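In what follows, a single structure is set out as C-alpha cells and then discussed.
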2 protein chains.
Amino acid sequence: MTGHVTMKDVARRVGCSSAVVSTVVNGARGNTVVGAAMRERVLGVAAELGYRTNFASRSLVRRRTRTLGVYIPSSPWAGLGYAYDDTILRGVEAASRKHGYDLLLIGLSGNQDPKTCLDKFAERRIDGLILIHAEGETPWVGELLARGCNVVAADYSGPEVGLDAMVFDNRAVSRVAVEHLAGLGHRQIGFIGSCRLSPNRDSVLRQQGFLQVTAEMGLEVPPEWVFDQRLLGRPLAPDADLCQIEGRAAAQHIVTLGQRGPTAWLAYCDLVAGIMLPVLRGGGVAVPGQISLMGVDDSDWCRMVDPPLTSVGHPLVDMGSRAVDQLVARIEAGPTETAGPRSGLRIVFPPTVVAKASTASV
Amino acid sequence: MTGHVTMKDVARRVGCSSAVVSTVVNGARGNTVVGAAMRERVLGVAAELGYRTNFASRSLVRRRTRTLGVYIPSSPWAGLGYAYDDTILRGVEAASRKHGYDLLLIGLSGNQDPKTCLDKFAERRIDGLILIHAEGETPWVGELLARGCNVVAADYSGPEVGLDAMVFDNRAVSRVAVEHLAGLGHRQIGFIGSCRLSPNRDSVLRQQGFLQVTAEMGLEVPPEWVFDQRLLGRPLAPDADLCQIEGRAAAQHIVTLGQRGPTAWLAYCDLVAGIMLPVLRGGGVAVPGQISLMGVDDSDWCRMVDPPLTSVGHPLVDMGSRAVDQLVARIEAGPTETAGPRSGLRIVFPPTVVAKASTASV
DNA sequence: TTGAAAGCGCTAACAT
DNA sequence: ATGTTAGCGCTTTCAA
C-alpha cells in the first residue's frame, strides 16, 4: 500500500524510458513501434512488479475517465421496494462492464440533488450519465444537454427534450393485456387506474392506452368499469401506502358491482392488483374463477401471491443495457458534433404478457 | 464542454497566482491566510466562471479519491430479486453521502470477478471498499487485507479473518422468533430449514439457533418437527427455484402431520414461508387459525401475501451505514497503523420481530 | 526503435 | 499576504 509501483519504476528496472513503458502498456501504435524484445522485457517486469496504471494520472492527461454516472431521480413510485429501478441497473451494469466502463453511483434513492450530476461532469469525474426511470419535467436535464454532456435515459417517460432515451411503450401495455384477456374470451374488461392527485406518467399512459384499445376493438366500457379518482371520490395526496388504499377501494368496488361488473380487470400496476387479491377473496369473488385479474410490471413477488398474478412485463434489463450502448457510442464518437438543439434518439421497447394463474377463460 | 475553467483561468481573471485560488477554494489554513478582499474576489470570479476542481488532478496530487468501492459477491441466495442486498446499498449510499464520499460500483450482480477489487485499489481508484453480504471463504479478502487495503463488510457471515464487519445475529433470529411465538402461547414449535446441498451460512445459523433456544426454553422438538434435507430425503443441488421445492415439500409435510404437528412453524426465510401459504390453504390448514407461520427477512412482499407474513427483520440500512462510518474512519485515520495480522472489528446487529397476521395465539 | 521533454490541473512547501 | 516552484504519474509530440 505504501510504495505504489509507477512507470518510472518499471522503466528503471528494465533500463528504458517511461515513454517506452507507456507505449507497451497501452499497446499503442498497434504494438508495432517498440521492438519485440523490449516489449517482452517491459511486460515481464511490469507483471513482476505488479504495475497498474494510476487512474488519476491517466484521466488527467487523457481527459477521459471511462466512468459513467448513474442517477435515479426521485419518483412518486413509492412502490414495493426498489426492484424496478434496480433491475434496470443490472442491465446498466452488465453493459458498462462489457464496454470497459466503470459506474459511479450519483444517486440511487432519489433523494440526491440532481445538480450533483452537473457537478460530476464539471469535475470531469464522468464521461457520461445514465438516467434511470426519469419522468421528465426536469429543467436540469435541459441544462445538461445545453452543456453538451452525454446523457442517455433508460426507461424515460418524459417529454421530448432532445434526450436520447430508451422508452417503454406504456400504451402498448394495455394493448397486449387486453389482447391476452380477449384471447381468453373476455369481452367485458375493466381498468383500475391510479387515484393519485398527480399520478405518474406511466399510469396515465396505461389508462389512455386501455381506453384506446378497447374502443378500437369495439369493447364497451361503461364508466363504472374504469376505477379511478372519479369513482373513489377523492384524489389521494402522495403517501407511502397509496396502493393499499387504491387496491382495497378497487376490490371493494368490484365486490359491489357483482354480476354487473366485467369478467376481467387490468390494474395499472402489480402492487394494486396484489392488494386486491385477498380483499376479493374476502368478498367472495373468486380469482380467476369469477373474474380474471392482471397487473403490470411482472414484479418478482407475483408468483408469491395466491393465485400467482398474471402481469405485463418490461424488458428492464435490456433497456438498461441499450442505454449504455448508446451512451458509450456517443462518448466515443467524440465531442458534441451537433451544437444546435438536436432531437433525441428514441428506442421503444415492447411489453410482454407473462401469464400466470390469475387469468383464465371465461 | 470544450473549454473547462481551470484555476489558472480564475487566477488570471482575478490577477493573482493559482496558489491563492487553490488556498481559497479549499478553505485551507482555516481561511486565515488569504486576505478577506482577495478571498471575496476569488470566490466571486470562481462562481462567475463556474469553476470546479478537476477531480483527476486533485486525486493525483492528494493521493486520495474520496471514492468508495462497493462489491456484492455472488451468493447462493437466489432469492426473490435483489431487494435484500439493495437495501443495504441504500444505507451505504446515505452514509457515503454524509461523509462526502462517492460510490464506485465494482460489482452488483455478483458475477464480477472479485479480483477487480484489488485492481481498483492498485489503480488508486478507490480509498476503501465495502463488501455487501459476503459469506467468507474468499481468499481474495485475505489478499486485500494483506495489502493493507481499507475494507469493511456489511452483513458479513463468514469466519473471522481480520476484516472489520457489521454482522447480523442470525442465531438471535430464532431466539426472538421463538420468543414471539411462545409469547402467543405456543409450546410446540417447528422449524423449516434449508434443504440445499450447500446451504448458506445464514440458514445454518438460524437452524442452530432454533435448536439451541428451544432446548434452553425446555421446548421439545421431535425430529419430524424440523424439516430439512433429512425429511426431504435428498439434498437439492443449486438452482433458481429451490425455495419453491423446499416450500412445497415443507407445507406438504405439515399437512401430513396434521394434529401431530406443532402449532407454530418458523421458516428459515420468507420466501419459503410465502410459498407454503397457498399450499397449506389448499391442504386445509388455516393460517393462523390452525398453525402460526413466520419467516425471516421481513421482505417487502410479506404484506402482499395472504395472510400477511409475520417475519424477523434485519437492520439492513443501518448495517450499510455503519459499515461506511467505520470504513471512512479507517481511511481518515491515515495509513495502516497496525501492520501485523489484526483482528477485525465486529459490530453485531440484532433482529426484530415484525408481527403481521400469520401468527396468532393458540 | 528509443529517449527527452512538455504538459494535464492541482497542491504544498518555500520564498518573498 | 501572495507568488514561485516543484512535483503527482502518465501520455505524446518531437528529436535522436
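Here is how names work: the chains are called A, B, and so on, in the same order as the sequence lines, proteins then strands, and each is numbered from 1. Predicted model only: the values in this text are computed from it and were never measured.
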Worksheet item: Are OP1 or OP2 of dC10(D) and a side-chain N or O of Ser57(A) less than 4.0 angstrom apart?
Response: no

Worksheet item: At under 4.0 Å, does any side-chain N or O of Ser17(B) touch on OP1 or OP2 of dT4(D)?
Response: no

Fill in: Salt bridge present between Glu143(A) and Lys115(A) (N-O < 4.0 angstrom)
no

Worksheet item: Do the charged groups of Arg125(B) and Asp119(B) touch, with an N to O distance under 4.0 Å?
Response: no

Worksheet item: Should the ring pair Trp140(B) and Tyr71(B) be called parallel, tilted or perpendicular, given that the plane angle runs from 0 to 90° and is split at 30 and 60?
Response: perpendicular

What's [X] touching, base or sugar-phosphate or nothing? Going by heavy atoms closer than 4.0 Å.
{"X": "Phe55(A)", "answer": "nothing"}
{"X": "Thr6(A)", "answer": "sugar-phosphate"}
{"X": "Val61(B)", "answer": "base"}
{"X": "Ser59(A)", "answer": "nothing"}

Whole angstrom value for the distance that separates [atom2] of [N] from [atom1] of [X]:
{"X": "Asn26(A)", "N": "dG9(D)", "atom1": "CG", "atom2": "P", "answer": "17 Å"}
{"X": "Asn54(A)", "N": "dT11(D)", "atom1": "CG", "atom2": "P", "answer": "10 Å"}
{"X": "Arg39(A)", "N": "dT2(C)", "atom1": "CZ", "atom2": "C1'", "answer": "13 Å"}
{"X": "Arg58(A)", "N": "dC8(D)", "atom1": "CZ", "atom2": "P", "answer": "19 Å"}
{"X": "Arg41(A)", "N": "dT1(C)", "atom1": "CZ", "atom2": "C1'", "answer": "14 Å"}
{"X": "Arg12(A)", "N": "dT2(C)", "atom1": "CZ", "atom2": "P", "answer": "20 Å"}
{"X": "Arg63(B)", "N": "dC10(D)", "atom1": "CZ", "atom2": "P", "answer": "11 Å"}
{"X": "Arg124(A)", "N": "dC8(C)", "atom1": "CZ", "atom2": "P", "answer": "12 Å"}

Discussion item. The side chain of Met7(B) is closest to which nucleotide in this list: dG9(D), dC10(C), dT2(D)?
Written reply: dC10(C)

Response to the item:
From the candidates dC8(D), dT2(D), dC8(C), the one with an atom nearest any side-chain atom of Met38(B) is dT2(D)

Discussion item. Assuming nearest nucleotide by heavy-atom distance, tell me which of Val25(A) and Ala19(B) is located more 5' along DNA chain D.
Written reply: Ala19(B)

Worksheet, complete the sentence: Taking for Leu60(B) and for Gly35(B) the nucleotide of DNA chain D with the nearest heavy atom, the one nearer the 5' end belongs to Gly35(B)

Discussion item. Donor-acceptor pair, distance only, cut-off 3.5 Å: does the side chain of Asp113(B) make one with the backbone of Thr116(B)?
Written reply: no

Worksheet item: Does Ser18(B) or Val34(A) map to a spot on DNA chain C nearer the 5' end, using the closest nucleotide for each?
Response: Val34(A)

Discussion item. I'd like to know if the side chain of Asp325(A) pairs up with that of His99(A) as donor and acceptor (distance under 3.5 Å, no hydrogens or angles considered).
Written reply: yes

